[in-house]
Amino acid sequence: MQKDRFFFINPELVYYMETVNLITEDAVAKVTISRPKALNAINSQVLDELSQIIGQIESDPNVRVVVITGDGDKSFVAGADIAEMSKLTPLEARNFLTRGQRLLDRIENLNAITVARVNGYALGGGLELALACDIRIASENALVGLPEVSLGLIPSFGGTQRLTRVVGSSVSKYLILLGKRLKASEALNYGILNEVVPIGELDSAVDKVIDTLLNMAPVALTAAKNAIYMASQTDMYSGQELEVNYASMCFSTDDLREGMNAFLEKRKAKFTGK
Ligand code: DAK
């Protein structure tokens, strides 16, 4: 496929860059990281292009679900690019690190719900990217881990923080300090992955998740996502206060009336996002 940069609209928005592309159709944006020869490892070009693509998604209020995946059926993202990193000076590394952390923060804080379609290796920065997503659906051939200490490094795109929030410090230390690479089924048991399916069923599993999300009330979805995010940022009292505020705000939406009326009238709700 040609990899020039261009937009075209109708019926889809397609944005092809050299290493990352975006296809937006209706309310769903699909982002693919594409450096198959390096198993989709993240170099500074990927960081730049992914950042532009995420900017595109941030500015499109119609996008409700974002799927992030890697090109091919072998690798989601095999980490930050080791060949490039091996030549970085401390200052260059700091710049790379800061841009990577900020980008993953932006992905974590998108209003849309994000789904990592983990189609193979998700190591180092690859797992960190998946951990910044809301939901992780993986194929059985996925292998996940944060093996940075084996390279003389530590996870630096937020991995020490996000993995610990998902699995707790005991398991996080066990995985990071031993540089463990987990099979998909093991990662599923730890709760790092949410679903694992045969590779041939990955797209239908992701589609099912997308359909379910698109059938939920949009305002409630974003409110729930933000409230859950704040659970790791604040104390119990403030978190609950925020939860009450979000919940009361839902009572001002047409969608709440529609959802409750639909239940009482024994029909499927039709949400409008208002
Ligand atoms: N970077 C660059 N190239 C990679 C790569 C990576 N992370 N992973 C794989 N490749 C390349 C291989 O070099 C090989 O290239 P050629 O030799 O063909 O040119 C090609 O992809 C195919 O890889 P293999 O031949 O090794 O394929 P296998 O199926 O045998 O093995 C593997 C796949 C994923 C198990 C293996 O490639 C592997 O172990 N890769 C490294 C995985 C890894 O350690 N990932 C963590 C990287 S560290 C920071 C910011 C962020 C980070 C760090 C610092 N700051 C700036 C401070 C993040 C760090 C990381 O992510």
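Just follow the structure's listing: the first ligand is 1, and inside any ligand the first atom is 1. What's counted below: heavy atoms across the whole structure, side chains too, no hydrogens, waters or symmetry copies.
The other residues sharing a hydrophobic cluster with Leu39 are Tyr121, Leu123, Leu143, where clustering joins ILVMFWY side chains under 4.5 Å apart.
Closer than 4.0 angstrom to ligand 1 sit non-hydrogen atoms from Lys37, Ala38, Leu39, Ala41, Lys74, Ala78, Gly79, Ala80, Asp81, Ile82, Met85, Ala93, Phe96, Leu97, Tyr121, Leu123, Gly124, Gly125, Pro147, Glu148, Leu151, Leu153, Ser156, Phe157, Arg181.
Listed by first and then second residue, the ring pair (Phe, Tyr, Trp, His ring centres under 6.0 Å) pairs involving residues 169-199 amount to none (not counting sequence neighbours). Note on residues 194-209: pairs passing salt bridge (charged side-chain N to carboxylate O under 4.0 Å, His left out), not counting sequence neighbours, are Arg117-Asp203.
Taking 4.0 Å as the cut-off between side-chain N and carboxylate O, Lys270 and Asp254 do not count as a salt-bridged pair.
Side-chain contact of Asn119 with Thr69: a donor-acceptor pair under 3.5 Å is present, judged by distance alone.
Residues Ile68 and Ile107 are in side-chain contact: their nearest non-hydrogen atoms beyond the backbone lie under 4.5 Å apart.
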